[in-house]
Structure formats: structure tokens, C-alpha cells
Number of protein chains: 2
Amino acid sequence: MLMSTIEHAISVSDLPAGEQVHALLHRAIVRMELLPGQRISENALAAEMSVSRTPIREALQRLERQGLVFVRPQRGTFVAPLNLQAIRSAYFIRLSLEKAVATEAARLRSAKDVERLEAAIAEQEGVLASRQREDFFDLNANFHRQLVVVSDLTGIAGVLDEARHHLDRVRLAHLDHAGPYPLAPIIEEHRAIVAAIAAQDVAAAEQLMHLHIEKVLPRYDLLKAKRPEFFALPGEITGPPGTRRPRNSLHR
Amino acid sequence: MLMSTIEHAISVSDLPAGEQVHALLHRAIVRMELLPGQRISENALAAEMSVSRTPIREALQRLERQGLVFVRPQRGTFVAPLNLQAIRSAYFIRLSLEKAVATEAARLRSAKDVERLEAAIAEQEGVLASRQREDFFDLNANFHRQLVVVSDLTGIAGVLDEARHHLDRVRLAHLDHAGPYPLAPIIEEHRAIVAAIAAQDVAAAEQLMHLHIEKVLPRYDLLKAKRPEFFALPGEITGPPGTRRPRNSLHR
DNA sequence: GCCTGTGCACTTGTATGCAAGTATGCATAT
DNA sequence: ATATGCATACTTGCATACAAGTGCACAGGC
């Protein structure tokens, strides 16, 4: 069921095989289509994607370093749980760096930059009602990446992306499994930030970004209450003893 | 010549082969023992370390993501130059995050934490005169990592390490190729930071850390004047046309 | 002397095969 | 019925072999 979408996606581009495998798994994990704890079989993936295990392993090693999967040698590779420490760290990184980015963007922005930021916000509004809500997170990422470009610090985009992905996993889990997750206020915050940047109001840009990022963290414990299995650590068993299911029940 | 030290190092531990290769190359690159632009041959490394190309490639891919090597398919793998954008980004990341870390450390520190930080500083003094100056950078890294632990944000240690490594490359190039690089003031700054943390003076800790980090960046252009070849981009030729040396002149 | 075309050695990317270790399920003994 | 030991199918880690592409060197023509 997972793989039907994969086969569709690979033929699109002719990037290195490992890149494509990574992009695919990364997207599926961040979107919570592959759930925490779920087994990822190198052999099965290689067969389904018609490549050898070599690029598969390359992709899995990347994902492990990003904290999205964990590999237990001779045992298996699994989607990483939502780790509280990883979430707190990602939040802290975003809070610190995005504030500084907003400051720099307010200092350096050109008129053209402001136009591009406003165009990005318009896109977000377009997707708000019509398309899949998962797509909103891609547009949100684009907006924040654009801010990085304006601040002339493109080298930090990778760090911010990785941090955001961890937080997006929590937000998207909310979308699917917990209560509503309103997107409209986020767009309003974006608009306010751009307004401050357009006015070159450094202090306001930083403060508004602070408030914007701040809203992400608190919801994690709500999700943990509803879906504790997403937070289970590698060795832990969530259910009472004896409920242990056969090894591949999650995978097949 | 390079490899004599390598053979010594590998037998010490029994970590996964790829880990060891990565640790070795990483250390050599950050210490500027492998110079920017220098070719890294997968085959030669595999032969010298008595492993196959598979773990070598695993290590090189990690290093590429860290910005320490660059791979040109079907052409070769090379030590990355000192990239201005990478340096600025690393500086920015350190400035933002370390300030926040200092703030949190000042809030959360226990008496035991202060003791450990002071012990780390004592170590730095010990190495100041006696041992190799390269070792100081390891102790400096330990100190900053310890601060991360105190601030209860161990998850961000990896990001800060990677940023610091880029800046350390510049500093170590100074040690070898440019003027003097005094280490004693750095220890004094560490001491002042710890004092502020011990006093739980949040504002002072943040400000002192700001000044501490700030000192790293400016020296880069001085080095660029003395050793422009360290900053040459992949395709660029530093000398005038016709001075192009045979392909392996850097390697053999 | 200078320019052009071809061959070869070398590069990384990918596929495949082997080795070491783990967990499951079945057979056996109590 | 319960517990124990073992065979087996699976996992990842590593080694090796092949494929595709690049650039230098050198031979030949001008």
C-alpha cells in the first residue's frame, strides 16, 4: 500500500538512486505515513523500487543521522519514535535561529524580497481550503526558506529544515490522530512577520517570529496522551506483557 | 605519510569500520592535515586501511553532508575548501545557539555543574604550554559540549559541533600558516562565562558568550590573504593558465 | 611547432554475494 | 500442559565485481 505511491514517484526524476530513495522515505516519515516503530526492510524496499540494497542503505544511513530512523544491527531498521528530547532540541534550534534570521531579513530585505515573501503567503492561502492540508507544510517550509535567503544565510537552511521536520512530524500527527490543527492563524502570523520585515522593524520581526515559533511546541503532550505508541522508545513495549504481536505485524 | 598515523589508530577500537574511517578523515580534515582541494582516493584509502570501498564511501558521504569534502561523480572526491558562506553560516549558528545555551545554563546550573565546568577550564590551562596546541581545540570543544549538557539541550550538540568544526579549520590554518593565534585569552573568556553562570547572571552569561564567539570570525580574511588556495572553489584555478600541474600532484 | 582525435587508466555509482548475529517457531523432554 | 534446546529464516555489515563516465597522454596530421 505504501509502495504504490513510491513507484509513481521514482520515475519522475533521474537523480542518483540513493537520493530518490531518501527523498521518498523522508517524505513518508515526516508526513507520518510511515509510523514510528514501523519496520523498514532493506530487501523489500530494494525489490519494490527495483534497485539494489546499496542505495537503499545509503538513504537509510542519511535518515538515521537525521534522527528519522534507527538501525539496530542484525535486527532491523525502524522508523524513529517521536522523541521528546529531539523535539525540544528542534524547537530550541528553530526559536534561536529563526529569530536571528528574521532580524537579519528585516535589516537586509529589498523590495523584491518583500514581493517574493508576499507571493509565498498568497500560495499558502490558495492551498488553505482547496488542496490537501499536508501540502501546506511544504509551503510553510518554502516561506521559511525564503526568509533564510533574504537574510543572506542560505548555509543554515539545512539545519533549520531538519529541525522543522521533527516538529512537522508532531504537527502532522495532530492532523491525522488528534484534534483539529488550525492553519489560518499561521498564515496571519506569516503576514505580520513580512509586514515587520517590509517596514524594516527589526525588533518587531524578531518578536513576531518568536511568537510564531513558540506556538509549535506545546501541543506535543496532547498528542502523547492520545497516541502514546508514537513516543515509545526502541526497546519499550507499550501494551501489557503478553500482547506482543508477531514480528511483522506492523509491516504486513 | 598520512596513512602511517591511520594504521596506528584503527586497531585501537572495534567500532564499525565506517565509523572509524569517518572519525579519522574528519579529524585530519578539521586539523588541516588534509588540505583543501586535496584528492581523497577511495581505492587508496581502502587499500591502506585494509577495508573495502563500502565503509570508505559511507564515511565520505557523511563528510560530504558535513561540508568537509565534495564529491564530483566520475571525477573524484576532494577535501572541501574553506567556504566563506559555510564559515559565515557556522559563525551565525554558533552565535545564536551558544548565546541561548549560555542563558539556559545560567538558569539551570547546579553546583556540580559549575565544578565540572571549572575542571574543564583547568584542563585547558594544563595543555596551554605543555602539549600540542591542536589538542586545545578538543578541550575547547569539550567545554562547550559541557555547557550544552548543563543547559539540558544535549540534542543540539551535534549541530554546534559541526558548526564549530568549520570554524576550527580556519583557526587551525592560522596556527600553521598565518600569524600567531593566542589561546590564553580564550581560557580567560571561558572563566568569565563560567563565573556568570555560577552567579546565575543570565544577561552576563549571554553577553560574555556573544563576545567570546564573536572573536572567531574576523580572522578569516587575514588567512585568505596569506593562503588564497585554501579558499579556491572546486573548478577555479588559482595560478595563471598554463601552470596547471599533472592531475595527481597534490596527492603523490 | 601546433592542433586534433583516439585510447587507456582512473574515477564514482550500482549490483551482488558472503559473513556474522538475532529472533522466531517447532520439536522434544519433563 | 509447560518448559527447554535447536534449526532456520531473517536481519544488517562488509567485500567484491561490474557498469558508466571523465580526463590526461600520446600519436598522427597539418
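If you're wondering where the values come from, they're calculated on a predicted model, not measured in any experiment. Proteins get letters first, then strands, A, B, ... in listed order; numbering begins at 1 in each.
The side chain to side chain contact (heavy atoms under 4.5 Å, CB included) check on B:R65 picks up A:E58, A:R62, A:R65, B:Q61, with sequence neighbours excluded. With sequence neighbours excluded, the residues forming a salt bridge (charged side-chain N to carboxylate O under 4.0 Å, His left out) with B:R53 are B:E42, listed by chain and number. For the salt bridge (charged side-chain N to carboxylate O under 4.0 Å, His left out) test, residues two or more places apart in sequence or in another chain that qualify with A:D161 are A:R145, A:R164. For B:R94, the salt bridge (charged side-chain N to carboxylate O under 4.0 Å, His left out) test picks out B:E98, with sequence neighbours left out. A:S89 pairs by the side chain to side chain contact (heavy atoms under 4.5 Å, CB included) definition with A:Q85, B:I156, not counting sequence neighbours.
Under 3.5 Å, the side chain of B:Q74 and the base of C:dT11 form no donor-acceptor pair of N or O atoms. For B:R53 against C:dG13, a side-chain N or O and a base N or O form a donor-acceptor pair under 3.5 Å.
In the set C:dT16, D:dT11, D:dT12, the nucleotide with an atom closest to the side chain of A:V71 is D:dT12.
Nucleotide C:dG17 holds its P atom 13 Å from the CG atom of A:N43, rounded to whole Å. Distance, A:E42 CD to D:dT11 C1': 8 Å, rounded to whole Å. In this entry the distance linking CZ of A:F78 with C1' of D:dT12 reads 11 Å, nearest Å. The nearest whole Å value for the distance from the CG atom in B:L45 to the P atom in D:dA15 is 13 Å. Going from atom CZ of B:R39 over to atom P of C:dT11 covers 6 Å, rounded to whole Å. Rounded to whole Å, atom P of D:dA15 lies 11 Å from atom CE of B:M49.
Checked by atom type and distance alone, the side chain of B:Q20 pairs as donor or acceptor with a backbone atom of B:L15 at under 3.5 Å. Of the possible polar contacts, one joining the B:R169 side chain to the B:P81 backbone as a donor-acceptor pair under 3.5 Å is found.
Near DNA chain D, defined here as any heavy-atom distance below 4.0 Å, the residues from residues 54-66 of chain A are A:R57, listed numerically.
For B:T77 and C:dT11, the shortest distance from a side-chain N or O to OP1 or OP2 is not below 4.0 Å. Between A:R75 and C:dA23, a side-chain N or O to OP1/OP2 separation shorter than 4.0 Å is present.
The 5' end of DNA chain C is approached more closely, in terms of each residue's nearest nucleotide, by A:A17 than by the other of A:P73 and A:A17.
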